[in-house]
Amino acid sequence: MVWKKQWTRRTMMKSISFVAVVFCVLAQQTWSSEILVIFPTTAQSHYRIVRPLIHSLLDRGHKILAITNFPDTAERANLSHIDISGLKPHSKFTTTNHGWVKVLSRISRNAITYATILDHPPVVELLRSGRKFDLVIAELFTSTPIFAPIAAVVDAPIVGFCPMIHFPWINDLMGMDTAMSYMPSLLSSSGDRMSFVQRVGNTVISVIINAGFNWFNSRIIRDIVKHHYGLQTKSAIETMTNLTMIMTNNYHSVFLPYPTLPGIVEVGGIHVVDEKPLPQQDLIDFINNADHGVILFSLGSVVSESSMGTDKLYNILDAFSRLKQRVIMKFDDEKHKNEIPTNVKVVKWFPQRDLLAHPKVLLFITHAGIMSVIETIHCGKPIVAIPIFGDQIFNAHLLVEKQVAVAIEYEHLERDKLFDAINEALTEKYLINMKKLQQLYNDRPHSPLETAVYWTEYVIRNKNESKELLKSQRVHLNLYQTYLIDIFTAFLLPPIIAIYIILWTMKRLRKH
């Protein structure tokens with residue numbers, strides 16, 4: 001009888017477990033949302049931040065249509081694509097000439113090129129079909145003003161996904177003030193503890209970026225938005241005010257603790273996947289035979305290596321030839337392959353995240369792009385930063401402040417400076433500091449992906465209320481209302497009028 005009772009109890013428990021699993025599966029399948037992902041970037045590194053979120057949402061039963069240059073190769077029943085590869089060629093940045101006017105002009109040219117995506121027949125068909133979605137996820141970058149209005153066409157809230165730590169107009173879109181006294185611009189070289197001169201520079205840069213983006217872009221954006229959506233807008237910023245929430249590639253403990261609102265969600269590190277075994281036997285052999293360890297070198301995927309001057313390349317190779325360590329160098333240039341030192345292996349591509357995790361890899365020489373920086377912090381390896389443009393200078397400055405990196409200006413990239421920087425970064429101090437930063441990076445209540453999934457589904461669950469649920473009312477106030485100029489005027493005007501009347505009366509009395 002005892003064994004029968006035990007058998008019955010086990011059978012009941014199995015039945016209950018089975019029912020629970022079936023219920024969960026059915027519940028998940030029942031709540032299947034239609035999501036439109038718009039990531040028009042031609043930089044594969046940018047698309048890597050949203051791909052884990054896409055895959056996780058697919059695993060949870062949601063249906064996704066992605067407008068992208070990088071369609072998934074593996075077919076899934078609930079994933080479809082509009083392939084836009086080739087509509088906008090991927091143009092790399094050169095290593096020189098990154099003045100403000102040139103950068104802003106490039107943004108304007110990109111806007112015109114990105115607009116061709118709206119004329120792509122599958123996109124035109126989608127916009128005319130009347131199809132509705134539960135959510136739009138869009139890249140938050142210079143192309144966002146062109147694609148944000150799609151959310152109104154498909155009747156869905158829209159979430160922006162910023163591939164950087166922060167972006168200049170995020171605060172304006174979420175209704176938060178930017179305090180230039182301690183909130184550095186992404187394109188400055190200051191931290192949050194600024195001297196008077198740095199605060200002046202940060203203020204000037206911040207004003208130039210915001211005004212320049214609107215001044216260069218607004219007329220072009222207005223024409224594009226009116227032509228394709230029939231909407232009238234005043235500025236490039238105004239076309240993005242429908243954003244419900246913005247995810248940023250930031251984590252406050254690692255970078256900067258910005259003041260924030262619920263609508264600005266930090267998911268820094270979401271692109272870092274579990275390490276895999278190295279796929280190339282030649283890399284494995286090269287590393288295994290490195291008695292003194294290995295150093296990695298990469299300028300990322302958006303810097304044109306062919307634009308690097310011959311003198312700079314010779315300086316780099318000369319510095320490497322003096323090292324006892326071996327160097328794996330990602331460099332796509334065939335002209336100098338016969339001049340490579342014996343301790344250097346040059347490849348066109350390498351599995352960066354997996355190499356950084358290898359115990360024999362000691363150091364990463366990088367352009368300080370945010371994806372590379374986060375992967376290096378995740379793996380706890382010191383850095384030699386050679387920033388070239390954009391946010392790389394800002395990222396490198398933060399790393400130097402935290403004493404986990406040594407930075408060299410590209411213009412002053414000389415053999416001895418690079419050799420000395422490598423040896424300094426290999427000292428114990430930098431390794432200890434990076435391990436501390438790695439611990440701070442990992443110390444969070446939820447993983448970046450879990451955080452992104454929760455807030456994505458939060459917006460979907462609260463679709464009707466979420467439009468302004470995570471913003472402040474600052475978005476509806478103009479300049480004089482925000483800074484209480486009208487209130488001060490209301491308080492000051494009566495005393496001023498009274499003083500004027502008294503002085504006028506006294507003057508009149510003196511005459512009589």
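- Counting only residues at least two apart or in different chains, ring pair (Phe, Tyr, Trp, His ring centres under 6.0 Å) contacts with residues 172-212 are absent.
- Among residue pairs with one or both ends in residues 158-170, none qualify as salt bridge (charged side-chain N to carboxylate O under 4.0 Å, His left out); sequence neighbours excluded.
- Pairing each heavy atom of Phe350 with each of Ser298, the nearest pair is CZ-CB, 3.8 Å.
- Val225 meets the side-chain contact (heavy atoms from CB on, under 4.5 Å) test with Pro149, Ile221, Tyr229, Leu231, Thr233, Thr239; sequence neighbours excluded.
- For residues 318-328, the set of pairs meeting the side chain to side chain donor-acceptor pair (under 3.5 Å) definition, not counting sequence neighbours, comprises Arg322-Asp416.
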Going through the checks in order, is the salt bridge (Lys or Arg N to Asp or Glu O under 4.0 Å) test met by Asp420 and Arg415?
CA-CA 9 Å; Asp420 292 340; Arg415 181 191 67 176; over 6 Å; no

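- Sorted by first and then second residue, the pairs that involve residues 369-383 and meet salt bridge (charged side-chain N to carboxylate O under 4.0 Å, His left out), not counting sequence neighbours, are Arg48-Glu375.
- Looking at heavy atoms from C-beta onward, Ile35 lies out of side-chain contact with Leu65 at the 4.5 angstrom threshold.
- The heavy-atom pair separating Thr366 from Gly369 by the smallest distance is OG1-N, 4.3 Å.
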Glu139 vs Thr144, test: side-chain hydrogen bond (donor to acceptor under 3.5 Å, both in side chains). Steps then yes/no.
CA-CA 6 Å; Glu139 180 186 26; Thr144 313; over 6 Å; no

May I have the list of side-chain donor-acceptor pairs in residues 288-295 shorter than 3.5 Å, sequence neighbours left out?
| residue | atom | partner | partner atom | Å |
| --- | --- | --- | --- | --- |
| Asn288 | ND2 | Ile284 | O | 3.2 |
| Asn289 | ND2 | Asp285 | O | 3.0 |

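- Annotation: Gln281, atom CD; neighbour count of heavy atoms from other residues, nucleotides and ligands within 6.0 Å is above 12.
- Take Tyr441 and apply the ring pair (Phe, Tyr, Trp, His ring centres under 6.0 Å) test, not counting sequence neighbours, and it matches His378.
- Every residue was checked against the ring pair (Phe, Tyr, Trp, His ring centres under 6.0 Å) condition with Phe286, not counting sequence neighbours, and none meets it.
- At least one side-chain heavy atom of Ile316 sits less than 4.5 Å from a side-chain heavy atom of Leu418.
- Applying the salt bridge (charged side-chain N to carboxylate O under 4.0 Å, His left out) test to pairs two or more places apart or on separate chains, none has a residue in residues 425-454.
- Screening residues 210-221 for salt bridge (charged side-chain N to carboxylate O under 4.0 Å, His left out), with sequence neighbours left out, gives Arg219-Asp223.
- Tyr251 meets the ring pair (Phe, Tyr, Trp, His ring centres under 6.0 Å) test with no other residue; sequence neighbours excluded.
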Could you list the donor-acceptor pairs under 3.5 angstrom formed by side chains in residues 161-174, with sequence neighbours left out?
| residue | atom | partner | partner atom | Å |
| --- | --- | --- | --- | --- |
| His166 | NE2 | Asn171 | OD1 | 3.3 |
| Asn171 | ND2 | Thr178 | OG1 | 2.9 |

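- Between Cys379 and Arg353, some side-chain heavy-atom pair lies under the 4.5 Å cut-off.
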